[in-house]
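Numbers restart at 1 for each chain; the letters A, B, ... are given by sequence-line order, proteins then strands.
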Protein chains: 2
Amino acid sequence: MRASDKAYAALRDDIIEWRLLPGTVLAEVEQSERLGVSRTPLREALSRLTAEGLTRTAGGRGVVVTDISLEDIDELFELRETLEGKAAALAAERGDAATFEQLRNELLQAPQLISGADPARHDYYGLVGRLDAAIDAAISNSYLVQAMRSLRVHLVRVRRLAADDAERLTSAAAEHAAIAEAIAAGNPRLAEAATTLHLHRSLSHVKATHIPH
Amino acid sequence: MRASDKAYAALRDDIIEWRLLPGTVLAEVEQSERLGVSRTPLREALSRLTAEGLTRTAGGRGVVVTDISLEDIDELFELRETLEGKAAALAAERGDAATFEQLRNELLQAPQLISGADPARHDYYGLVGRLDAAIDAAISNSYLVQAMRSLRVHLVRVRRLAADDAERLTSAAAEHAAIAEAIAAGNPRLAEAATTLHLHRSLSHVKATHIPH
DNA sequence: GGCCGCGGGCTTGTATACAGAAGGCCTTGT
DNA sequence: ACAAGGCCTTCTGTATACAAGCCCGCGGCC
């Protein structure tokens with residue numbers, strides 16, 4: 001693995017997991033020493049982070065970790081609703097029914113995973129990730145996929161602000177199952193509606209259980 | 001201006017204007033000598049281009065200019081319709097009516113600019129750019145704006161493939177005026193519909209007058 | 001006492017030297 | 001003659017040294 005990739009992954013995780021809090025200045029020499037790489041690959045990592053919006057240049061004083069305000073969360077979900085709604089609709093038109101039927105059945109049994117301990121819960125997140133991947137593959141639009149991918153980074157960061165209690169995860173699993181079912185049924189409008197519903201509930205949950213940093 | 005910015009702008013323009021054709025390999029030493037900068041800022045420029053999708057890494061043999069296929073154009077406009085449709089709707093909800101009323105009036109007089117020589121036509125493109133900027137400002141969603149901005153780079157590149165005859169530009173001006181009017185009227189669904197109509201006609205025009213490279 | 005200007009220190013931006021890896025070509029064996 | 005293997009060239013990836021810019025703080029001046 002390249003040193004720049006290593007530095008990028010390390011910094012990205014530190015920011016997403018809120019180990020590097022908003023406002024933290026990332027001086028090049030300091031971070032390069034901390035991560036054990038030289039300044040050149042570190043600069044590339046910082047460029048990528050800044051392009052993604054996780055950091056911003058602070059005019060001659062290095063780059064700083066960007067903040068996420070309540071308005072940012074609203075804007076994020078507004079775009080997410082647009083993109084993922086369209087993605088679900090396209091998947092319903094173009095996707096393979098059997099694939100999503102299978103995912104739906106697995107999602108309906110997800111509560112057993114959620115109620116379990118941490119390793120099982122990790123399996124649940126993997127299942128949701130497989131649904132996302134299946135949708136990405138079904139829509140066959142690389143530009144749309146890339147737009148959603150760039151959003152997911154921020155969304156993971158926001159998710160870490162909320163309390164993922166078992167109750168919410170159980171509801172979310174049912175909502176995901178509804179999306180998969182609509183896609184399997186080949187109903188674009190229903191798939192979009194199910195996605196809208198899920199995202200609104202997710203947003204409400206995040207805003208309700210918001211943990212200040 | 002930084003050397004990396006200069007190299008980025010030069011390469012980006014060369015690619016968008018089709019002076020660097022798809023498949024061209026951009027070796028670091030070669031390009032750094034051509035543009036009069038060192039390898040370090042040039043690498044940063046190439047990273048940015050690759051992140052935008054204008055180039056892609058060719059596994060150990062530098063980066064190559066990406067191609068744009070017919071399917072790419074379809075995918076591009078599919079995403080564009082989603083994003084700009086939502087943007088127009090949001091602008092209708094949140095925008096200032098007087099601003100868009102003014103833009104509509106100017107767009108209705110645009111045929112006079114289009115029929116003229118090149119400097120006037122440049123004014124027309126500036127006018128359309130002001131409409132885009134007004135929509136960007138009205139929606140007040142930085143994530144959506146950024147997603148559209150990253151798309152526009154590719155769209156300019158595609159536009160260079162089509163013949164911008166006066167007839168099409170006149171029609172486009174009328175379509176833009178319809179969008180501005182719907183936004184000024186505060187009608188989100190109408191604004192979205194007008195945008196959908198405009199984009200479909202643009203896509204048809206591009207595909208009809210497509211110039212192979 | 002407040003404001004403007006200048007200098008020191010630290011930061012980023014750039015250039016270049018070095019190392020590692022990958023592809024191509026030549027050679028050699030079958 | 002063809003294929004496989006190794007060497008060599010050339011590229012990218014990394015490290016470091018150098019230059020330029022910016023902010024902060026101090027001092028003088030109004």
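- One can find a donor-acceptor pair under 3.5 Å joining the base of dG13(D) and the side-chain atoms of R39(B).
- Protein atom CZ of R2(B) is 12 Å distant from nucleotide atom P of dC22(D), rounded to whole Å.
- Atoms CD (E28(B)) and C1' (dC18(C)) sit 15 Å apart, rounded to a whole Å.
- What separates CE of M1(A) from P of dA21(C) is a distance of 16 Å, to the nearest Å.
- In terms of polar N and O atoms assigned as donor or acceptor, the side chain of S4(A) never comes within less than 3.5 Å of the base of dT14(D) in a complementary pairing.
- Taking atom CG of L46(A) as the reference point, atom P of dT11(C) lies 14 Å away to the nearest angstrom.
- With a 4.5 Å cut-off on side-chain heavy atoms, R157(B) and E17(B) do not count as touching.
- Residue R43(B) has a polar side-chain atom (N or O) positioned under 4.0 Å from OP1 or OP2 of dG13(D).
- By the 30° and 60° cut-offs, the orientation of the rings of H198(A) relative to H176(A) is tilted.
- Side-chain nitrogen and oxygen atoms of R61(B) include none within less than 4.0 Å of the OP1 or OP2 phosphate oxygen of dC11(D).
- In this structure, R121(B) fails the cation-pi test against Y124(B), since its NZ or CZ atom is not both closer than 6.0 Å to the six-membered ring centre and inside 45 degrees of the ring normal.
- If you measure from atom CD of E33(A) to atom C1' of dT16(D), you get 13 Å, rounded to the nearest angstrom.
- Protein atom CD of E44(B) is 17 Å distant from nucleotide atom C1' of dT12(D), rounded to whole Å.
- Summary of the strand contacts: L26(B) and T40(A) both lie near DNA chain D, and taking for each the nucleotide with the nearest heavy atom, the more 5' one is attributed to L26(B).
- Proximity of a side-chain donor or acceptor of R94(A) to a complementary backbone N or O of I139(A) within less than 3.5 Å is detected.
- The separation between L42(A) atom CG and dT11(C) atom P is 14 Å, rounded to whole Å.
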